[in-house]
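FYI, the numbering just counts along the sequence from 1. Note that these values count all heavy atoms, side chains included, but never hydrogens, waters or copies made by symmetry. As the structure lists them, so they are numbered: ligands from 1, and atoms in each ligand from 1.
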Amino acid sequence: MQSIAVPLKTNAHKIVIGHNILAQLGAKLKTLKIGKDAIIITNPAINKYHGKALIAGLKRSGFSVKVCEVPPGERSKSAKRAFRLIEEIACYDCLKEVFIIAFGGGVVGDLAGYVAAVYKRGIPYVQVPTTLLAQVDSAIGGKVGIDLAVGKNLAGAFYQPKIIWSDVSVLSTLPKRQIRNGLAEIVKYGIIADQKFFKYVEQNYQKLLKCDLKVLTYVVSRSSRIKKDVVVSDEKDTKGIRAILNFGHTIGHAIEAAGKYNQYHHGESIALGMRVAADISRQKKLCKAGDVAAVNDLLANIGLPERIQKIKTSAIFSHMKHDKKFLSGKNRFVLMQKIGKVKVLEGIQPAVIKKAIRSCR
Ligand SMILES: NC(=O)c1ccc[n+]([C@@H]2O[C@H](COP(=O)([O-])OP(=O)(O)OC[C@H]3O[C@@H](n4cnc5c(N)ncnc54)[C@H](O)[C@@H]3O)[C@@H](O)[C@H]2O)c1
Ligand SMILES: [Zn+2]
């Protein structure tokens, strides 16, 4: 088991990474003194596969346990679902000391974190991420939220968990498409911060696709450290440092939205967005063509999509303009200087963006 400190001024906590550690969370939570009554927010599949170990460990440590299941899929990140949960918790919460355990992927993590942030103006919560994407990305950083009809993640908060408990063993039941999805963000970490890590992923992607526990543990821990470092230096996303986590996301989010959130998963859209961002970087002469080729090859080897299909360039542009990261009407791209180093550039000419999108057709 390894423990990574997230030394935030007022919300310091730890990320714990290991295998077969679900049953040990109860004992750890006892020492954190965050309440006596655990409310696990999860979905039926995750609960069926992995709920037993988690719940048994909690009960053994003296916690009462209530499980709230939500249906799988992005649609659960809605105001309707969030407030249904809040009502349910409010009815249950009588003479209790409740706290929430977000037990699932990014959907459950964002939703449960939002519920924890809003109910009684905030109760303690814990992240137990069960997808690769959630372990390396969404569970870390305290961004919680739900989607509105006009856009994703538009209602939310910065609300840090008391601990992040990443058990890589649970990834063995994850469909391969979801593993690839998480790998997209892992490739991103290599590009934005660590060339050596990028090379490690190049050499080990096959083992990762086979869920090799040793390799998975290393990439989850390296990725967690990279994200943690960025979050610690810019917790509320106000200094422009946290923006580098958005490499591939300006176009990626637009592709995800233009595909109505069902054509491509998040990591898949981001893989396409990273290809476009790399091509823009090359056109702007920020990086070498060889670096662009290395990014494209690794994404292709992992089995992430290589071509933007059935989505018009005009649709990508229109969704890009709705991105909340657009600064006073100017587009903003994180671009690659080399593998391991990026910079933010504003006001990229539409012709350059269009040409980069064409390179992924
Ligand atoms: N808060 C943030 O900083 C942040 C960052 C990135 C993404 N996100 C959000 O994360 C969400 C996507 O998260 P995701 O990719 O984890 O998808 P997800 O939560 O929808 O999970 C994907 C699927 O995997 C299943 N699943 C989860 N764990 C499993 C397991 N161990 N075994 C078998 N099946 C399992 C789920 O039931 C679901 O069907 C999006 O809503 C996105 O906006 C948030
Ligand atoms: Zn992402």
Side-chain angles (χ1 to χ4, degrees), residues 22 41-51 53-54 69-78 81 102-114 117 127-147 151-161 164 166-189 191-192 211 216 223-224 227-228 230-231 235 237 242-253 255-257 261-262 264-274 277 324-325 334:
L22 283 184
I41 299 180
T42 187
N43 79 25
I46 300 162
N47 191 23
K48 186 181 118 213
Y49 287 129
H50 307 290
L54 177 68
E69 289 182 348
V70 299
E74 186 71 29
R75 283 185 60 185
S76 278
K77 252 175 74 175
S78 66
R81 187 61 62 186
F103 184 41
V107 164
V108 164
D110 285 8
L111 170 72
Y114 177 82
Q127 287 281 10
V128 184
T130 64
T131 63
L132 184 56
L133 182 128
Q135 294 189 351
V136 300
D137 189 0
S138 62
I140 306 165
K143 282 191 180 178
V144 298
I146 54 172
D147 304 332
K152 246 178 79 118
N153 299 324
L154 286 179
F158 285 98
Y159 194 60
Q160 298 291 346
I164 301 164
S166 289
D167 185 340
V168 293
S169 317
V170 304
L171 304 178
S172 61
T173 53
L174 201 61
K176 281 284 164 288
R177 190 175 175 192
Q178 295 296 343
I179 296 283
R180 286 195 283 268
N181 203 40
L183 283 173
E185 301 283 1
I186 288 165
V187 171
K188 177 193 80 179
Y189 289 126
I191 297 170
I192 65 170
C211 277
L216 265 178
S223 303
S224 300
K227 176 142 187 191
K228 175 270 296 183
V230 174
V231 168
E235 185 184 357
D237 208 354
R242 203 164 165 158
I244 67 166
L245 294 171
N246 281 318
F247 180 73
H249 282 59
T250 304
I251 294 287
H253 277 148
I255 292 172
E256 202 180 358
Y261 299 101
N262 57 37
Y264 293 114
H265 287 336
H266 178 73
E268 295 168 349
S269 322
I270 266 40
L272 291 165
M274 288 195 282
K324 58 181 189 278
K325 309 241 161 35
V334 183

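Checked against a 3.5 angstrom limit, the closest N/O atoms of H266 and ligand 1 fall outside it. Here's the thing with V107: one of its N/O atoms is less than 3.5 angstrom from an N/O atom of ligand 1.
At a heavy-atom cutoff of 4.0 Å, ligand 1 is contacted by no atom of A45, backbone or side chain. Of all the heavy atoms of V144, none lies under 4.0 Å from any atom of ligand 1, so neither backbone nor side chain is involved.
Partners of H265 by ring pair (Phe, Tyr, Trp, His ring centres under 6.0 Å), not counting sequence neighbours: none found. In terms of the side chain to side chain donor-acceptor pair (under 3.5 Å) criterion, S172 has no residue partners (sequence neighbours excluded).
Taking atom 32 (N) of ligand 1 as the reference point, the nearest protein heavy-atom neighbour is T173 OG1, 2.7 Å. Closest to atom 6 (C) of ligand 1, if we only count protein heavy atoms, is D137 OD2, 3.6 Å.
For residues 168-177, the salt bridge (charged side-chain N to carboxylate O under 4.0 Å, His left out) pairs, not counting sequence neighbours, are R177-E268.
Protein nitrogen, oxygen and sulfur atoms, that is N, O or S, within less than 2.8 Å of the Zn ion (ligand 2) amount to 3.
Those atoms of ligand 1 that come under 4.0 Å of a heavy atom in E74, given as number and element, are 40 (C), 41 (O). Interface atoms of ligand 1 facing H50, defined by a heavy-atom separation under 4.0 Å, are 31 (N).
The two residues G113 and Y159 make their nearest non-hydrogen contact at O-CD2, 3.9 Å.
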Handout entry: Residue pair S138, L133: steps toward the side-chain contact (heavy atoms from CB on, under 4.5 Å) verdict
Key = CA-CA 7 Å; S138 62; L133 182 128; 4.1 Å; yes

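Shown are V170, T130, I164, I140; of these, the side-chain contact (heavy atoms from CB on, under 4.5 Å) with Q135 is made only by V170.
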